[in-house]
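Quick note: residue numbers are just sequence positions, from 1. Remember, it's 1-based here, ligands and their atoms both numbered in the order they're listed.
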Amino acid sequence: MTNQTKSEKDRVVIFDTTLRDGEQCPGATMTFEEKLEVAHLLDTMGVDIIEAGFPIASDGDFEAVREIAKRTKNAVVCGLSRAAHKDIDRCAEAIRPAKRGRIHTFLSTSPVHMKFKLQMEPEAVHDLVISQVTRARNHTDDVEWSSEDGTRTEFDFLCRCVESAIKAGATTINIPDTVGYSVPEEYYDLFKRVRENVPNSDKAVFSVHCHNDLGMAVANSLAGVRAGARQIECTINGIGERAGNAALEEVVMAMKVRNDKLPYWNKIDTTMLTRASKVVAAATSFPVQYNKAIVGRNAFAHESGIHQDGMLKNAQTYEIMLPETVGVKQTSLVMGKHSGRHAFIHKLEEMGYKLAQNQLEDAFVRFKALADRKKDIYDEDIEALVDQEIAHSHDRIHLVSLTVIAGTHGPQRATMKLDIDGQVRIEEAEGNGPVDATFNCIKSLVPNEAKLELYQVHAVTAGTDAQAEVSVRLSQDGRSVTARAADPDTLVASAKAYLSALNKIVMKKQRDMPVVAAAGH
Ligand code: KIV
Ligand code: ZN
């Protein structure tokens, strides 16, 4: 669609909920600083509305929403709240510093949710819709109301609630497919019928919010848009509750590449999609599946001979979009140990990183250390290094040194030195294998109740001198966090990943409590 043909009625508003629905899924917990970084990126890439969190959920959530509200330059900053007045008031307080703020308040409307979750009669639910929207509207004139489990809601009741929500002042109406149950034709039909049946439907923007339990979140979202919805709620990399939400990069690229069939537009700078995917993957430590549409490592790779041959003759044979459109750059052999600071900074700029001076200095020192141990350094190595720099710069526990004795005769032994809030401590431990010994060292230096849920290793690039990237997921008090770290030594990467996850737990728990106490003792 060219600029001349763009009309407001075809504009689709992109509502990103990576920091709320995305962050709320098991293991995707982000620290305060990571949330700020993600929000900054979303704002820069043209997201219209950033759902920054659920302020009543915790003081940490509240603070993050408030800080994002203060800092965001272009996007509307939104907070989520249940129907209770204290939730709504807390949400209003969190978004108050925003140039433009929105309260998103929701209530279940399906029979199963009303009976078992809310234990309320439909009449009482309907009354509560009016009172929650009215309460929110007293705080701001940008109010979104969501009928949770909307796709399993009885049609007439849904229409009645939507009509009342609009009458009470809701400016956006979201009908979520909360459990990812719908199919595209059905979701299309639902929006069409609701818009036709609700007399004041023209007074609000309709919004789609689809979960991916049956793998149809993107298709359903686009079906809703074809039926008149003009807001898509989505997340980077499709992270979110259970199987996730519709992926932002997929809905955006579908509308761009198939604009003949989906003649809608939005303000996203698509060349930032790859970067956004990497930042969110690093912040949440949720790896992106290799064959993920748009941003997966293989999304533009052509392996078979027939495909490669076709590509050499004409890229259009097997490529429906140019990799550059989504910000993919050719992987290049970057540098080695002779590369200087200037070249390093230039490379970072080219890769889209903007680091603070101290982060830059640290990253350069680590780059040099890596270059001493690894002959060829690729973009992926730099990415792993810088993402770690960003993720760990606020950590309170740092690995100083690790020595492990491994081999055929156990038990294996590890000796570890940690810097904990500026104090260096040392410990030795045995284990059933070198990884176990390493993790046992951490447990005696930082006693904690965290349970190891996942431990995964993969190589960042090819070659036996490749860096190992380790993902660790820990859970404590019903909340799990994932963290990643890379190093040419697999055990060092393992220790760093474990510590990083522990740092997240500690930082989440209490920002200025002594680490050992915050970790559970
Ligand atoms: O999936 C859902 O229903 C939600 C609502 C809170 C909008 O996330
Ligand atoms: Zn959701």
Problem - Test item: L128 and M120 side chains (from C-beta on) under 4.5 Å apart, heavy atoms - result: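 Result yes, sub-4.5 Å side-chain heavy-atom pair found.
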
Exercise for the section: Would you check if L19 and I68 make a side-chain contact, meaning some heavy-atom pair closer than 4.5 Å? Expected result: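 Result yes, sub-4.5 Å side-chain heavy-atom pair found.
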
Need the list: ligand 1 N/O atoms against protein N/O atoms, distance under 3.5 Å, rounded to one decimal.
{"from": "ligand 1", "atom 1": "1 (O)", "to": "H209", "atom 2": "NE2", "distance (Å)": "3.1"}
{"from": "ligand 1", "atom 1": "1 (O)", "to": "H211", "atom 2": "NE2", "distance (Å)": "3.0"}
{"from": "ligand 1", "atom 1": "3 (O)", "to": "T178", "atom 2": "OG1", "distance (Å)": "2.6"}
{"from": "ligand 1", "atom 1": "8 (O)", "to": "R20", "atom 2": "NH1", "distance (Å)": "3.4"}
{"from": "ligand 1", "atom 1": "8 (O)", "to": "R20", "atom 2": "NH2", "distance (Å)": "3.0"}
{"from": "ligand 1", "atom 1": "8 (O)", "to": "D21", "atom 2": "OD2", "distance (Å)": "3.1"}
{"from": "ligand 1", "atom 1": "8 (O)", "to": "H209", "atom 2": "NE2", "distance (Å)": "3.1"}

Practice task
Let me see the working for E123 and R160 under salt bridge (Lys or Arg N to Asp or Glu O under 4.0 Å), right down to the final yes or no.
Solution key: CA-CA 11 Å; E123 258 336 285; R160 211 172 135 223; 3.0 Å; yes

Exercise for the section: With sequence neighbours excluded, tell me which residues meet side-chain hydrogen bond (donor to acceptor under 3.5 Å, both in side chains) with E186. Expected result: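 If we apply the side-chain hydrogen bond (donor to acceptor under 3.5 Å, both in side chains) test to E186, skipping adjacent residues, the hits are S182.
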
Problem - Atom NE2 of H40 with >12 non-hydrogen neighbours under 6.0 angstrom - result: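 No, because the 6.0 Å sphere around NE2 of H40 holds 12 heavy atoms or fewer from other groups.
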
Practice task
Using salt bridge (charged side-chain N to carboxylate O under 4.0 Å, His left out) as the criterion, list what pairs up with R102, not counting sequence neighbours.
Solution key: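 R102: salt bridge (charged side-chain N to carboxylate O under 4.0 Å, His left out) contacts with D142, E144.
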
Exercise for the section: Please work out whether the ring planes of H211 and H209 are parallel, tilted or perpendicular, with thresholds of 30° and 60°. Expected result: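 Answer is tilted, since the angle falls between 30° and 60°.
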
Practice task
Report the relative orientation of the aromatic rings in H458 and Y290; use parallel for angles under 30°, tilted for 30 to 60°, perpendicular for over 60°.
Solution key: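 It falls in the perpendicular class, over 60°.
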
Exercise for the section: Compute whether any side-chain donor of one residue and acceptor of the other, for S494 and Y455, lie under 3.5 angstrom apart. Expected result: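 Yes, Y455 and S494 have a side-chain donor paired with an acceptor closer than 3.5 Å.
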
Handout entry: the Zn ion (ligand 2) neighbourhood, protein N/O/S only, threshold under 2.8 Å
Key =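 D21 OD2, H209 NE2, H211 NE2, with waters left out.
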
